[in-house]
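Just below is one structure, and these are the notes that go with it.
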Amino acid sequence: MTDAKTTSRRSQAWFGAQGRSGMVYRSWMRNQGFGHEVFDGRPVIGIATSASELAPCNAHLTRVAEAVKRGVWQAGGFPLQFPTMATGETLMRPTAMLYRNLMAMEVEELIRANPLDGVVLLSGCDKTTPAMLMGAASVDLPAVMVTGGPMLNGKYRGQDVGSGTHVWKFEEDLKTGRMTQEECFFAEGCMARSNGHCMTMGTASTMACMAEALGMQLPGSAAWPAVDSRRMETAQAAGQRIVRMVEEELRPSRILTREAFENAIRVNAAIGGSTNAIIHLTALAGRVGVDLDLEDFDELARVVPTLVNLMPSGRYLMEDFCYAGGLPAVMAELLRGELLHGDQITVTGHGVAENVADAERVGADVITGLDVPFQPAGTGTAVLRGNLCPDGAVIKQSAASPHLLTHRGPARVFDSPEAYHAVADDPELDVDENTVIVIRNAGPKGYPGMPEVANVPLPAKLLKAGVTDMVRVCDGRMSGTGYGTVVLHVAPEAAVGGPLALVRDGDPIVLDVPNRTLRLDVADAELQRRRELWQTPAPRYTSGYTWLYTQHVGQADEGADFGFLRCSRGHEVPRDSH
């Protein structure tokens with residue numbers, strides 16, 4: 001290959017160099033057994049893999065990478081696999097969200113610093129998908145996402161069991177005596193019974209769907225189970241496609257437009273997706289310069305019914321969703337209702353409408369139609385405003401109890417999730433079903449990292465009395481596998497002096513989701529008096545990454561990204577030091 005496009009490829013600044021520099025780059029690569037012909041100007045494709053045994057959802061990605069390599073070789077490219085960190089939500093403390101931005105920085109710099117013309121991003125658990133998209137968007141080289149796929153449906157005593165969702169259910173069963181500890185140990189092995197990420201419509205499944213809805217993942221590839229052979233087929237196809245994308249110069253900046261984000265927001269509403277998508281999409285939009293705010297999520301979603309009947313909002317799991325037609329079937333239905341931008345370009349080089357033109361819904365239980373939806377329009381994630389959340393808060397209506405969406409009750413305030421857990425089982429705890437549980441100091445700076453702690457379990461004494469839900473308010477997040485009437489992402493957070501820091505036990509809190517308000521029914525003069533007494537918490541960290549994080553992280557309504565990482569920095573070839 002000696003045409004002008006080949007000689008101008010980014011990788012040729014390394015492998016096509018003359019003299020000592022070229023000899024260094026090529027000779028050291030050849031110690032892996034590559035022949036001289038791979039340096040002839042063909043596209044060099046990086047395969048960024050977050051495979052790690054410390055991130056169970058991502059542990060199988062090494063095998064997925066092999067399938068991608070096959071596709072790259074078949075299409076005439078030169079594949080080179082490299083590792084990234086893995087932000088596994090199931091093990092990392094205090095929360096994987098603390099490290100999303102660090103992973104995004106690492107992905108960005110690894111892509112920019114190496115001789116790559118394009119990249120395939122292999123992700124699995126919740127934060128790995130947005131982190132990789134954020135990093136790749138900041139470099140703006142051709143990129144395609146391949147998510148690792150959901151686990152097979154969990155099975156326990158003849159019923160489907162959803163990862164995450166049934167953790168909360170089994171915990172309640174333990175506390176109320178409906179399940180023994182021995183039964184719970186057995187159920188653990190029934191819940192996560194194959195490679196893959198959560199098979200509920202939790203954050204991992206949601207973000208896989210968001211990558212596909214944005215146009216950054218091949219159509220239909222979000223839903224194939226991790227252990228299905230077609231997961232490997234789609235990975236191989238992605239390897240083939242990225243080589244063509246390099247030749248077409250199809251970059252994320254052409255795909256991740258305002259219209260693409262509007263499509264993703266409406267798809268998220270239709271699938272009953274995680275509230276965490278708001279945080280991640282907002283951060284990603286900031287990387288590509290797309291203006292996206294909380295009101296966009298509310299306004300764009302209001303007209304979209306929930307079409308997907310999946311846990312935690314519904315009955316089924318991702319394996320069922322896949323066999324019912326997957327995301328293409330959902331997007332085709334939304335296009336039928338003129339709710340998506342059908343001409344928006346994707347990694348296929350074609351528009352959304354062309355990608356899903358042949359999609360079919362199989363049956364009507366898992367994926368419903370617009371004419372008879374699973375839940376009506378307006379039941380998706382709502383954005384709230386008021387004196388308790390001047391910069392916004394969110395609530396997932398489809399996972400909440402309808403009778404609590406309009407509620408007034410006295411606050412019971414806890415300064416940390418740990419403070420609540422310490423007394424949650426106390427039979428003398430001063431709460432009833434009308435109490436509003438407030439968990440604060442769980443935001444981006446306060447915890448730090450904004451953990452998934454907002455859907456705290458109900459007090460044991462109320463569970464035993466038959467109470468199944470209560471209003472909870474928090475400046476932290478909730479797992480996408482969770483459920484309940486939980487107000488999340490309260491901004492500004494308590495740790496920076498947001499109004500949540502001023503709430504006291506007994507203060508009336510008024511939640512009015514139909515009117516999109518959340519307010520503290522306390523006189524302004526009294527709140528001002530409390531504010532004058534409030535003091536900024538002493539910093540807990542004075543060095544290291546956590547210090548950097550707390551110094552630079554934005555609030556929830558800004559996507560909790562670092563301000564210095566917003567916007568693209570491009571893919572200019574670094575200087576040669578040889």
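Along the sequence shown, the residues carry numbers beginning at 1. Just so it is clear, the values below take in all heavy atoms, side chains as well, and ignore hydrogens, waters and symmetry mates.
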With Phe414 via ring pair (Phe, Tyr, Trp, His ring centres under 6.0 Å) - residues at least two apart: Tyr420
Ala454 versus Arg472, closest heavy-atom pair with distance: O-CB, 4.0 Å
Within-4.5 Å side-chain heavy-atom neighbours: Lys127 and Met92: no
Considering all heavy atoms, the nearest Ser568-Ser138 contact: OG-O, 3.0 Å
Set of residues satisfying ring pair (Phe, Tyr, Trp, His ring centres under 6.0 Å) with respect to Tyr545, sequence neighbours excluded: Tyr99
Nearest non-hydrogen partners of Thr128 and Cys125, listed with the distance: OG1-O, 2.6 Å
Sole candidate of Val486, Leu405, Val471 that passes side-chain contact (heavy atoms from CB on, under 4.5 Å) when paired with Ile395: Leu405
For residues 532-542, which side-chain N or O atoms pair as donor and acceptor with protein atoms under 3.5 Å away, sequence neighbours left out?
from: Glu532; atom 1: OE2; to: Gln528; atom 2: NE2; distance (Å): 3.4
from: Arg540; atom 1: NH1; to: Tyr447; atom 2: O; distance (Å): 2.7

SB check Arg530 Asp507 (cutoff 4.0 Å): yes
Test item: Glu493 side-chain N/O and Gly446 main-chain N/O as donor-acceptor pair under 3.5 Å: yes
Partners meeting side-chain contact (heavy atoms from CB on, under 4.5 Å) with Asp425 (sequence neighbours left out): Lys175, Ala460
Any side-chain heavy-atom pair of Pro457 and His421 under 4.5 Å: yes
Any side-chain heavy-atom pair of Met105 and Glu108 under 4.5 Å: no
Any donor-acceptor N/O pair, Asn58 side chain to Ser123 backbone, under 3.5 Å: no
Euclidean distance, Met132 CE relative to Glu106 CD, rounded to 0.5 Å: 8.5 Å
Atom of Gly124, atom of Ser50 and distance for their closest heavy-atom approach: N-OG, 4.4 Å
Distance, nearest 0.5 Å, that separates CZ of Arg477 from OG1 of Thr275: 8.5 Å
Heavy-atom donor-acceptor pair, Asp140 side chain to Ser253 backbone, under 3.5 Å: yes
Spatial distance of atom CG (Leu300) from atom CG (Asn263) [nearest 0.5 Å]: 9.5 Å
Asn515 atom CG: more than 12 heavy-atom contacts under 6.0 Å: yes
CZ/Arg315: more than 12 non-hydrogen atoms of other groups inside 6.0 Å: no
Counterpart residues, ring pair (Phe, Tyr, Trp, His ring centres under 6.0 Å), relative to His166 (two or more places apart): Phe170
Heavy-atom closest pair, residues Leu281 and Ala264: CD1-CB, 4.2 Å
Residue pair Ala137 / Arg287: nearest heavy atoms and the distance that separates them: CB-CB, 4.3 Å
Stepwise side-chain contact (heavy atoms from CB on, under 4.5 Å) test for Arg504 and Val413: CA-CA 6 Å; Arg504 294 184 178 177; Val413 183; 5.6 Å; no
From Leu334 atom CG to Leu340 atom CG, the distance as rounded to the nearest 0.5 Å: 4.5 Å
Minimum side-chain heavy-atom gap Thr95-Met450 below 4.5 Å: no
Contact check, side chains of Leu214 and Leu284, non-hydrogen atoms, under 4.5 Å: yes
Sidechain N-carboxylate O distance under 4.0 Å for Arg266, Glu262: no
Salt bridge Asp173-Lys169, side-chain N to carboxylate O under 4.0 Å: no
Gln375 CD to Leu307 CG distance, which is reported to the nearest 0.5 Å: 10.5 Å
Side chain to side chain donor-acceptor pair (under 3.5 Å) against Thr435, all qualifying residues, sequence neighbours excluded: Asp432
Set of side chain to side chain donor-acceptor pair (under 3.5 Å) partners for Asp293, sequence neighbours left out: none
Pairs meeting criterion side-chain hydrogen bond (donor to acceptor under 3.5 Å, both in side chains) with involvement of residues 381-407, two or more places apart: Glu295-Arg385, Ser313-Ser398, Ser401-Asp469
Side-chain heavy-atom pair Arg251, Leu141 within 4.5 angstrom cut-off: yes
Atom pair CG/CE of Leu133 and Met145 - distance to nearest 0.5 Å: 3.5 Å
Let me check something: any side-chain donor-acceptor pairs from residues 201-212 under 3.5 Å, sequence neighbours excluded? List them with distances.
from: Thr203; atom 1: OG1; to: Ser274; atom 2: OG; distance (Å): 2.9
from: Thr203; atom 1: OG1; to: Asn276; atom 2: ND2; distance (Å): 2.8
from: Thr203; atom 1: OG1; to: Gly480; atom 2: N; distance (Å): 3.3
from: Ser205; atom 1: OG; to: Cys198; atom 2: O; distance (Å): 2.9
from: Ser205; atom 1: OG; to: Thr200; atom 2: O; distance (Å): 2.8
from: Thr206; atom 1: OG1; to: Gly202; atom 2: O; distance (Å): 2.7
from: Thr206; atom 1: OG1; to: Ser274; atom 2: N; distance (Å): 3.0
from: Glu212; atom 1: OE1; to: Gly220; atom 2: N; distance (Å): 3.4
from: Glu212; atom 1: OE1; to: Ser221; atom 2: N; distance (Å): 3.4
from: Glu212; atom 1: OE1; to: Ala222; atom 2: N; distance (Å): 3.0
from: Glu212; atom 1: OE2; to: Gly220; atom 2: N; distance (Å): 2.7

Any donor-acceptor N/O pair, Thr165 side chain to Thr481 backbone, under 3.5 Å: yes
Which residues share a side chain to side chain donor-acceptor pair (under 3.5 Å) with Lys461, sequence neighbours left out: none
Presence of salt bridge, Arg516 and Glu299, under 4.0 angstrom: no
Step-by-step side-chain contact (heavy atoms from CB on, under 4.5 Å) determination, Leu511 to Leu384: CA-CA 9 Å; Leu511 172 65; Leu384 309 175; 3.7 Å; yes
Salt bridge present between Arg258 and Asp296 (N-O < 4.0 angstrom): yes
Sequence-distant partners of His552, ring pair (Phe, Tyr, Trp, His ring centres under 6.0 Å), two or more places apart: Phe564
Residues in side chain to side chain donor-acceptor pair (under 3.5 Å) contact with Asp557, at least two apart in sequence or another chain: none
Audit row: Leu102, Leu548, side-chain contact (heavy atoms from CB on, under 4.5 Å) steps and yes/no: CA-CA 10 Å; Leu102 180 61; Leu548 176 74; over 6 Å; no
Close side-chain approach of Met199 and Leu317, heavy atoms under 4.5 Å: yes
Check: Arg408 and Pro508 side chains under 4.5 Å, non-hydrogen atoms: yes
Trace of the side-chain contact (heavy atoms from CB on, under 4.5 Å) decision for Asn268 with Phe297: CA-CA 9 Å; Asn268 190 53; Phe297 288 88; 5.9 Å; no
